[in-house]
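Quantities reported herein were computed from a predicted structural model and do not represent experimental measurements.
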Amino acid sequence: MAATVTVRLPDGSERTLPAGATAADLAAAIGPRLAKAALAAKIDGRLVDLRAVLPDGAEVAVVTPESDDGREIIRHSTAHIMAQAVVRLWPGARYAIGPVIDDGFYYDFELPGGAHFSEDDLARIDSEMRKVIAEDQPFVRREHPIDEGLAIFDDQPYKQEIIRAVARGADEVDAAVGTDGASVVSTYENTKAFVDLCRGPHVPSTGRLGHFRLMRVAGAYWRGDVHREQLQRIYGTAWESEAALAAYLHRLEEAERRDHRKLGHELDLFSFPEEVGSGLPVFHPKGGIVRLAMEDYSRRRHVEAGYDFVYSPHITKSSLFEESGHLDWYADAMYPPMTLDDGTQYHVKPMNCPFHILVFRSRQRSYRELPMRMFEFGSVYRYEKSGVVQGLTRVRGMTQDDAHIFCTRDQMAGELSSLLTFVLELLRDYGLDDFWLELSTKPEDKAVGDDDEWEDATEVLRSVAEGRGLELALDEGGGAFYGPKISVQARDAIGRSWQMSTIQLDFQLPQRFGLEYIGADNAKHRPIMIHRALFGSVERFFGVLLEHYAGNLPTWLSPEQVRVLPVRDDHVPYAQGATDRLVREGFRAGTEDASEPLGTRIRRAKLEKVPYVLVVGDDDVAGGTVGVNRRGHDRPERGVPLDELVRLVREDVDMRRRAP
RNA sequence: GCGCCCGUAGCUCAGUGCGGAUAGAGCACCGGACUUGUAAUCCGGAGGUCGCGGGUUCAAGUCCCGCCGGGCGUUCCA
C-alpha cells in the first residue's frame with residue numbers, strides 16, 4: 001500500500017497526504033479556517049463524514065455550512081438531535097424517519113401509549129435539544145451486518161422495517177445504499193443511549209448545530225400510506241447561522257403579511273361565510289370591482305385574439321358527464337347528484353368542456369370554421385376534500401377563464417404557439433413577469449391519440465418554450481393519458497412559484513363525443529381539442545395577485561383609485577367638483593367629508609391602500625390644484641393642477657403600471 | 001379523508017390551567033362636540049345564544065362527546 005494518497009480539489013489543484021488521511025485532515029492541511037468551518041466532505045460526488053478516509057485519486061471537496069450541501073447536513077443532523085431529545089423526554093418513544101426538506105427537516109415519532117405532541121411540547125423539546133448541543137456529542141458512524149442492525153433496533157420497529165427493506169434491496173431505498181452493499185447498514189451513535197439508523201453524513205459533533213427552530217406538529221402516515229400507522233411529525237428549520245435563521249423567519253413573516261386571506265379581509269374584498277360552506281367565497285363590492293376590472297380586460301383581450309364567447313348552465317343531466325367520462329374517473333371530486341321526481345339525475349358541473357363540445361356538435365362543422373375558440377367565464381364546483389381547501393387558492397366553487405380550441409391537425413402547432421404567446425403577454429399585463437414552464441409528456445403505459453400527434457404537440461410546446469428563452473422543466477411521462485400538457489408557472493414578488501395557466505391537448509374527448517368536421521376533401525375528420533385556462537380560476541388568480549402586490553393593486557385594478565379629502569367643510573364643494581371630474585374621466589373616485597381630522601382620514605386612506613389620496617384646501621380652491629399623495633411615496637406633492645393629476649392617473653391606468 | 005391546533009363583540013385578543021355571581025379591553029360602529037394642510041381629536045353610547053347541538057354538574061365560555069367552520073401538515077423515505 002502506498003504511503004501517500006493524492007486527491008484533486010475543486011479548483012483543480014492536487015494535494016498529497018499520508019495514506020489513511022481523512023477529509024478532516026485534508027481540511028486542516030488546506031487551512032485552519034477551513035478546518036474549523038468544515039462539516040463534511042464530498043468524495044467523487046458523494047457526501048461523506050469528515051472522518052471518512054480519502055481514497056487515492058479521488059475528487060474531494062470540503063463541505064462548509066454556507067452551501068446547499070452544508071445546510072442539508074446541518075438540517076439532517078438537527079433532525080437527529082431532535083429525535084434524541086424526544087426519546088429523552090418520552091422514554092420508549094419510537095422514531096421513524098427524519099429527512100431533510102426544503103428549508104428544514106422533520107422527524108416522525110410514535111409516542112408511548114399513543115400520546116400526541118402538543119404545541120407546548122415544542123418548547124420542551126427545543127430546550128432538551130439545546131442541552132444535547134451543549135454536550136457536544138460526536139456523531140460516530142458504524143456499519144453493521146443486517147442481523148446486528150436488527151438487534152440494535154430491537155425496540156424500534158420502524159427502523160427494523162427500514163433495515164429489512166435495505167436487506168431486500170428494495171428499490172424505494174435510496175441507491176446510495178448500494179455502495180455499502182445491501183448486507184450492511186450504517187448507524188450514527190451520539191451517546192450509548194441514542195443511536196440512529198442513518199446513511200449520513202453528519203456534522204462531526206452536536207456542538208456544530210444550534211441555529212434552529214421547531215415549527216409545528218403534524219400527523220403523517222408511516223411511509224406515506226394511509227393504511228399504515230399514523231405518526232406524529234415535528235417540523236423544524238435549521239440554518240448555518242443565527243442571521244440565516246432570522247432571514248428565513250423574516251421571509252415567513254413577509255409571506256404572512258401578504259397572505260391574501262388576511263388582506264382580503266382587511267381590505268374588505270371577499271369573505272367565506274360559514275353559512276355558505278367551506279371553500280365557497282363571496283366577493284364584496286370592493287373585491288367585485290377588482291374582479292370586474294380583471295375580467296373585463298381579459299374579455300377584451302380574448303375578443304382581440306379571435307375567441308367566441310359562449311355561456312353554459314351550472315347544472316346538467318348526469319348523462320353528459322357519463323358521455324364525457326368524467327363520472328368514471330372524476331366522480332369523487334364532483335358534488336353528488338340531485339335526483340328529480342322522474343328519477344333523472346343532475347350534476348353541478350365541475351368542468352365546462354362538455355358544454356363547449358356540445359356547442360361544437362350542435363351542427364355540422366366545416367374546416368373553414370376552424371380553429372374555433374370558445375371562451376367562457378364558467379363557474380364550476382368541485383368537491384375538494386375538506387383538508388385541502390385553502391383561501392382563494394383552493395376552493396370548491398370557482399370561475400374559470402376557460403376556453404376550448406377546436407382545430408385541425410395542421411392548425412395544432414400554430415394554435416399552441418400563438419396561445420403560449422397570448423398567455424405570457426396577458427399574464428405580464430397583470431404584472432407577473434417571471435415565468436417558467438413545465439411540460440408533461442406522454443405517459444409510459446397507456447395513452448389515447450397516436451404517437452405522431454403526441455410527439456408533434458410535445459415538440460411544439462417544447463420549441464415555443466425554448467424559443468422564448470424560458471426555463472423549461474420536463475415532466476417526463478407526467479401527462480394525462482388523454483394528452484400532453486404545458487403549465488405556466490409564475491414567480492411572484494417574493495420568489496414563490498405559483499402554477500398559473502395550463503394548456504392541455506386532448507385527444508380523447510373529441511373521440512368520445514364523436515366530433516367531426518368536413519374537410520376540404522369532403523371527408524369527415526376528427527378535430528383536435530385544446531383546453532386552456534390562463535388565470536386557472538379567477539378566484540385563485542385574484543389571490544395570487546393580491547399576494548404578489550401585497551395588497552397594493554396597480555391603479556387599474558384598485559377598487560378605489562382616487563380619494564379626495566377636503567381640509568375643512570368649506571372645501572367640500574371644490575373636493576366634490578374634483579371627484580366629479582375624475583368620475584367623468586372614468587376613474588373610481590370619491591370624496592370623504594371633513595368630519596374627522598385630516599391626519600385620521602389620510603391614515604385610513606393609506607391603510608386602505610388607495611393609490612392616489614388628494615388633499616384640497618384654501619390654496620387648491622384658489623389655484624385649481626390638488627395636493628397629491630401617491631401610494632408608496634412618503635411626501636405629498638402640493639399644488640398639482642387637476643388636469644395634470646388626471647393625466648397622471650390616466651397614464652397609470654392605461655399602461656397598467658405596476659403598483660409602487 | 002386523516003392527524004395536530006384553533007373558534008369569546010364586526011376585527012384583534014384577555015378570561016379556559018384548578019367550573020362559581022352582571023364575560024372584559026383596544027380598534028371598528030353609532031351620537032355629540034371639534035373645522036382640521038398630511039399616518040390615530042375628545043366625550044358619550046350601543047354591541048356577546050362565548051361556532052352549533054348534546055352530556056356531566058347545585059353551577060359550564062371553562063370539563064366530556066358529536067357536528068360545523070378555520071389554520072397547519074399529509075414535501076415519498078435510514
Side-chain angles (χ1 to χ4, degrees), chain A residues 76 79-80 83 95-108 116-122 149 153 156 158-166 170-174 176-177 180 185-188 196-200 215-227 229-235 259 261-262 265-266 268 271-280 332 383-391 565-572 593-607 613-620 627-629 634-639:
Chain A
H76 197 181
H80 273 235
Y95 42 112
I97 56 167
V100 170
I101 53 175
D102 286 350
D103 300 329
F105 60 89
Y106 67 79
Y107 215 119
D108 288 347
H116 295 298
F117 292 118
S118 72
E119 298 284 337
D120 296 340
D121 291 330
L122 293 184
F153 293 103
Q156 291 292 337
Y158 300 107
K159 296 296 176 189
Q160 290 196 324
E161 189 172 327
I162 294 162
I163 293 170
R164 289 198 188 92
V166 171
D171 56 9
E172 75 254 35
V173 175
D174 194 282
V177 167
D180 291 332
V185 291
S186 57
T187 61
Y188 280 80
D196 198 354
L197 180 70
C198 187
R199 166 170 84 225
M215 306 297 284
R216 60 178 62 91
V217 183
Y221 297 103
W222 170 234
R223 295 181 105 75
D225 182 347
V226 291
H227 303 297
E229 298 84 337
Q230 173 117 33
L231 304 175
Q232 294 274 298
R233 175 171 298 177
I234 299 177
Y235 284 90
D259 191 318
R261 294 166 299 193
K262 199 174 151 216
H265 175 253
E266 285 170 4
D268 196 15
S271 62
F272 292 87
E274 198 173 315
E275 295 84 341
V276 177
S278 183
L280 298 166
D332 283 354
Y383 188 72
E384 300 284 359
K385 288 187 287 182
S386 69
V388 306
V389 301
Q390 199 241 9
L565 306 179
V567 173
R568 280 191 320 268
D569 272 346
D570 52 317
H571 302 127
V572 167
D593 69 27
S595 60
E596 283 174 292
L598 184 62
T600 304
R601 289 176 286 150
I602 297 262
R603 178 182 147 83
R604 183 163 45 238
K606 295 268 186 189
L607 289 176
V613 181
L614 309 186
V615 174
V616 295
D618 291 334
D619 301 347
D620 299 296
V628 181
N629 296 269
D634 286 340
R635 294 175 167 278
E637 195 180 341
R638 293 278 298 270

Beyond-backbone contact of A:Met215 with A:Tyr106, side-chain heavy atoms, under 4.5 angstrom = no
ask   = So, A:His265 side chain and A:Lys262 main chain: donor-acceptor pair closer than 3.5 Å or not?
value = no
ask   = Any donor-acceptor pair under 3.5 Å joining the side chain of A:Asp618 to the base of B:G37?
value = no
Heavy-atom neighbours of A:Glu161 CD exceed 12 at 6.0 Å = yes
ask   = Would you say B:G3 has OP1 or OP2 under 4.0 Å from some side-chain N or O of A:Arg233?
value = no
Under 3.5 Å, which N/O atoms of the protein pair with N/O atoms of nucleotides 40-44 of chain B?
residue	atom	partner	partner atom	Å
B:A40	N7	A:Arg603	NH1	3.4
B:A40	N6	A:Arg603	NH2	2.6
B:A40	N1	A:Arg603	NH2	2.9
B:U41	OP1	A:Thr600	OG1	2.2
B:U41	OP2	A:Thr600	OG1	3.3

task = Go through B:U35, B:G70, B:G73 for me and flag the one nearest to the A:Tyr235 side chain.
result = B:G73
query = B:U38, B:G71, B:U75: which one has an atom nearest the side-chain heavy atoms of A:Leu598?
reply = B:U38
query = Among B:U74, B:C76, B:G37, which is the nearest nucleotide to the side chain of A:Val615?
reply = B:G37
ask   = Should B:C72 form a Watson-Crick or G-U wobble pair with both distances under 3.5 Å, which nucleotide is its partner?
value = B:G3
Taking only nitrogen or oxygen atoms into account, show me every contact under 3.5 Å that the protein makes with nucleotides 51-53 of chain B, one pair per line with its distance.
none

inquiry  = Just to verify, what does A:Arg638 make a side-chain contact (heavy atoms from CB on, under 4.5 Å) with, not counting sequence neighbours?
reply    = A:Asp619
message = I need the OH-P distance between A:Tyr107 and B:U75, as an integer number of Å.
response = 18 Å
inquiry  = Given B:G70, B:U75, B:G37, identify the nucleotide with an atom nearest to the side chain of A:Asp102.
reply    = B:U75
remark   = Ranking B:G69, B:G71, B:U75 by distance to the side chain of A:Ile101, first place goes to B:U75
key: Minimum-distance nucleotide to A:Asn629 side chain [options: B:A39, B:C77, B:U38]   = B:U38
query = Between A:Asp108 (side chain) and A:Ala96 (backbone), is there a donor-acceptor pair under 3.5 Å?
reply = no
message = Name the residue from A:Arg603, A:Arg604, A:Arg601 that meets the salt bridge (charged side-chain N to carboxylate O under 4.0 Å, His left out) definition with A:Glu596.
response = A:Arg604
inquiry  = Between P on B:C77 and CD1 on A:Ile163, what's the gap in Å once rounded to a whole number?
reply    = 18 Å
task = Look at the side-chain N and O atoms of A:Gln232 and state whether any lies under 4.0 Å from the OP1 or OP2 oxygen of B:G3.
result = no
Contact under 4.0 Å: A:Arg261 side-chain N or O vs B:C11 OP1/OP2 = no
